[in-house]
Amino acid sequence: MKEFDTYIFDLDGTLLSTLNDLAASTNYALRWAGMPEHTIEEIRMFVGNGVKLLMERAIPNGINNPKFEETYAKFREHYLEHNLDTTSPYDGIPELLRELKRRGKKLAIVSNKFYAATQDLAKHFFPDTIKVAIGERETIRKKPAPDTVLEALRQLGASKEGAVYIGDSDVDIMTAKNCGLPCISVLWGFRDKDFLIQHGGTIFVNKPSEILGE
């Protein structure tokens with residue numbers, strides 16, 4: 001595996017195993033609204049492009065449902081209180097980040113999770129290794145637009161040359177392409193290899209240490 005100067009990571013499904021907490025908050029909001037709940041596997045296929053789209057997919061008739069905004073607000077309220085209930089880094093991720101930092105690499109998180117949750121999770125799990133963490137905001141286009149990745153590079157003082165984007169979904173592959181960056185697709189996240197290949201994935205790792213070439 002080629003060594004890069006800058007590593008920009010997706011969060012959910014890449015650094016953190018967040019599916020159970022996302023599912024719990026989704027189903028909490030749906031129960032509150034009297035709507036049908038979903039299985040973990042259904043919610044796995046809903047995630048990957050921000051929590052608003054997750055809720056659009058989970059709520060009957062999506063954004064056209066008259067209770068959409070209230071239900072989405074209930075999700076956000078619950079998730080901000082419960083996003084650490086079962087969430088944890090994938091095996092090998094803390095060691096990967098520490099080694100990259102030891103080697104002098106620049107590290108950032110870019111997520112379509114809303115900004116407050118992205119910041120909270122980064123500070124909680126990676127306070128010593130990742131200082132730049134960018135989530136969804138109304139003032140900047142979310143992935144797969146290049147804006148948040150380019151903002152991360154700006155905050156890091158890094159250029160696109162020597163940078164790589166690492167994620168687990170088709171959105172991440174599209175994001176990297178739109179930024180002109182190579183993309184490493186991880187196979188421990190929310191999408192399998194066949195799905196990623198169908199959406200343009202070409203570089204794959206089965207475990208975090210492979211990013212270091214091990």
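Sequence positions, counted from 1, serve as the residue numbers for this chain.
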* Flag the pair K52 and E136 as a salt bridge only when some basic side-chain nitrogen lies within less than 4.0 angstrom of an acidic carboxylate oxygen. => no

* How many angstroms lie between atom OH of Y165 and atom CG of L181, to the nearest 0.5 angstrom? -> 10.0 Å

* Asked: Of all heavy-atom pairs between P146 and R141, which one has the smallest distance, and what is that distance?
  -> CD-NH2, 4.1 Å

* Neighbour count above 12 (heavy atom, 6.0 Å) for K131 NZ -> yes

* Go through M1 and I203 one step at a time and tell me if the side-chain contact (heavy atoms from CB on, under 4.5 Å) criterion holds. => CA-CA 9 Å; M1 182 70 65; I203 306 171; 4.1 Å; yes

* Is a side-chain N or O of K101 found less than 3.5 angstrom from the main chain of L107, in a donor-acceptor match? -> no

* Asked: Going by atom types alone, do T175 and D172 pair a side-chain donor with an acceptor below 3.5 Å?
  -> no

* Contact check, side chains of D91 and W188, non-hydrogen atoms, under 4.5 Å -> no

* Cluster link I134 to L153, ILVMFWY, side chain under 4.5 Å -> no

* Asked: When you look at R98 and T129, which way does the side-chain contact (heavy atoms from CB on, under 4.5 Å) test go after all the steps?
  -> CA-CA 6 Å; R98 285 195 294 267; T129 50; 4.0 Å; yes

* To do: For residues A29 and F75, report the shortest heavy-atom separation together with the two atoms involved.
  => CB-N, 3.7 Å

* How about P60 and M35: do any of their side-chain heavy atoms sit closer than 4.5 Å? -> yes

* Distance from R57 atom CZ to E42 atom CD, nearest 0.5 Å? -> 13.5 Å

* Just how far is it from atom CG of D168 to atom CG of L15, taken to the nearest 0.5 Å? -> 9.5 Å

* **Any donor-acceptor N/O pair, E70 side chain to K67 backbone, under 3.5 Å** => no

* Take N83 and T18 through the test side-chain contact (heavy atoms from CB on, under 4.5 Å) and record every step on the way to the result. => CA-CA 8 Å; N83 60 30; T18 57; over 6 Å; no

* Could you tell me which non-hydrogen atom of L156 sits nearest to which non-hydrogen atom of A108, and how far apart they are? => CD1-CB, 3.7 Å

* Structure fact -> Shortest non-hydrogen pair, T14 vs Y90, comes out as O-CD1, 3.6 Å

* Asked: Any side-chain heavy atom of S25 sitting closer than 4.5 Å to one from K74?
  -> no

* Structure fact -> Tightest non-hydrogen contact, residues T118 and G135, listed as OG1-CA, 3.6 Å

* Asked: Any side-chain heavy atom of L22 within less than 4.5 Å of one from V51?
  -> yes

* To do: Could you tell me the separation between the CD1 atom of I59 and the CG atom of L54, rounded to the nearest 0.5 Å?
  => 9.0 Å

* Asked: Taking all non-hydrogen atoms of both residues, which atom of F4 and which atom of P182 are closest, and how far apart?
  -> CE2-CG, 3.7 Å

* Find out if a path of hydrophobic residues (ILVMFWY) with successive side-chain heavy-atom gaps under 4.5 Å connects V47 to F9. => yes

* According to a 4.5 Å side-chain heavy-atom criterion applied to Ile, Leu, Val, Met, Phe, Trp and Tyr, with indirect links allowed, do I109 and I93 form part of one hydrophobic cluster? -> yes

* Among T148, N178, D10, find the one that has a side-chain hydrogen bond (donor to acceptor under 3.5 Å, both in side chains) with K143. => D10

* Report yes if the side chains of L84 and L121 come closer than 4.5 Å at any heavy-atom pair, otherwise no. => yes

* Using side-chain contact (heavy atoms from CB on, under 4.5 Å) as the criterion, list what pairs up with D192, not counting sequence neighbours. => D194, F195

* **Flag, side chain of K113 to backbone of L11, donor-acceptor distance under 3.5 Å** => no

* Is a donor on one side and an acceptor on the other found under 3.5 Å between the side chain of N112 and the backbone of K142? -> no

* **Candidate pair L150 and K160, rule side-chain contact (heavy atoms from CB on, under 4.5 Å), full reasoning** => CA-CA 8 Å; L150 297 178; K160 290 197 293 185; 4.1 Å; yes

* Is the shortest distance from a Lys or Arg side-chain nitrogen in R44 or E41 to a carboxylate oxygen in the other one below 4.0 Å? -> yes

* Does I130 belong to the same Ile/Leu/Val/Met/Phe/Trp/Tyr cluster as L212, with side-chain heavy atoms less than 4.5 Å apart forming each link? -> yes

* Pairwise ring-ring contact (aromatic ring centres under 6.0 Å, His included) hits with a residue in residues 42-74, at least two apart -> H38-F46, F68-Y72

* Asked: Has the side chain of D85 got a donor or acceptor atom that lies under 3.5 Å from a matching backbone atom of D21?
  -> no

* Structure fact -> Here the gap from I8 atom CD1 to E151 atom CD, rounded to the nearest 0.5 Å, amounts to 10.5 Å

* Asked: Can you tell me how far NZ of K105 sits from CG of L100, rounded to the nearest 0.5 angstrom?
  -> 8.0 Å

* Asked: Are L53 and I40 co-members of a hydrophobic cluster defined by side-chain heavy atoms under 4.5 Å apart?
  -> no

